[in-house]
Amino acid sequence: MRSNRQWIPTITLALLLALPVMSAQVNTAFAHEGHQFYVGVQVPVERVNTSYDKTVDNTNASNPRSGQVFHDNDSDDTFAYGIGFLVGHRIPLLTKEDGYYVSAEVDIAFHGGQAKGQLPGKGESPGRNQPGESWPDRWSFQKNRSYGFTIKLGGSPGVLRSWDTSVYVLGGIRLIQAQFQNHYRGCLSDMNCTSTTQPEFVSGTNSRNLDYTAWTYGAGVEKMLSEHLGLRIEARYTQYNSKRWVELFDTVGVRVPTQIDADDVGMLMSLAWYF
């Protein structure tokens, strides 16, 4: 059975391909009521903040730090950028002449930019890389793709109507696909490693795909450049849900609970073509 994650791009692509046909069929029926379908392209620019928290629990461990617990954390923020595509439907509220509306849209976006850092490491040894210590891992967080459903409520009060401009508030839900990596080097023995036994130290990279459910809030302004083409600028805040997991090292009895938190704030510019 295919996972939900595999189905999302297929469904979104199907909507993008089907919309022109749907619009051609329904536009005539809805025209007198002011209903409008639209498609567009968008460019998000975001400041992504990521926090990495790690605990090394030696409560039941068989190593020189048996019974000790070390807490470690690091954070970073970086600019992320991307490009996306959207489809939507706008419905007038009251009458078309009043200028107030509600719209619903779905979109897909591809992102670039990487938050990264290094844990300070917690422990008793100079390198903080002995068994049972929190090693000073290097880490990175990459936001890859996202899929959204957004509701917008807006209008053109006062002088804005003569300027062919509207303002709106928005809220929605996003499914975000990201990747977390940590690069480690340390001692996994049940005894301290020494400088004369370098093969006892291990190193490598762990990679984990993270699927987030995120809530988005914001506001925007739209200027109609022509009868059918609108330029939109939005300010958005997106809060991701936390991701937690536990790594178990059964041979030495060590538990490593890990938590990744993230959010982003940014601006989204888009061009929308109304049918």
Row check, F79 ring normal vs R47 NZ/CZ: under 6.0 Å, within 45°: yes
Least distance between heavy atoms, G132 atom then V56 atom: O-CG1, 3.4 Å
Donor + acceptor pair across side chains of S207, Q179 (<3.5 Å): yes
Heavy-atom closest contact (V48 atom, A80 atom, distance): CG2-CB, 3.8 Å
Any donor-acceptor N or O pair under 3.5 Å, side chains S103, H89: no
Step-by-step side-chain contact (heavy atoms from CB on, under 4.5 Å) determination, W245 to I260: CA-CA 9 Å; W245 65 89; I260 305 296; 3.6 Å; yes
N73 versus S75, side-chain donor and acceptor atoms under 3.5 Å: no
R236 and T216 side chains, donor-acceptor separation under 3.5 Å: no
Distance-only donor-acceptor check, side chains T55 and D57, under 3.5 Å: no
Side-chain H-bond candidate by donor/acceptor type, E133 with S125, under 3.5 Å: yes
Heavy-atom pair with the smallest gap, counting every atom of E222 and A272: OE2-CB, 4.4 Å
The single option from F275, F37, W273 passing ring pair (Phe, Tyr, Trp, His ring centres under 6.0 Å) against H228: W273
Minimum-distance pair of heavy atoms, taken over all atoms of S62 and T251: OG-O, 4.1 Å
Set of residues satisfying salt bridge (Lys or Arg N to Asp or Glu O under 4.0 Å) with respect to K54, sequence neighbours excluded: D137
K116, NZ: over 12 other non-hydrogen atoms inside 6.0 angstrom: no
Stacked cation flag R174 on F149, 6.0 angstrom / 45 deg: no
Under the ring-ring contact (aromatic ring centres under 6.0 Å, His included) test, residues paired with Y274 that sit two or more places apart: Y38
Where P131 and R65 come nearest, the two heavy atoms and their spacing: O-NH1, 2.9 Å
Any side-chain donor near an acceptor of the partner, Q177 and R145, under 3.5 Å: yes
Check: D264/N49 side-chain N/O donor and acceptor closer than 3.5 Å: no
Lys/Arg cation over aromatic Y101: R90, 6.0 Å, 45° cone: yes
Distance-only side-chain donor-acceptor flag, S51 / D261, under 3.5 Å: no
Aromatic plane relationship, Y240 with Y212 - under 30° parallel, 30 to 60° tilted, over 60° perpendicular: tilted
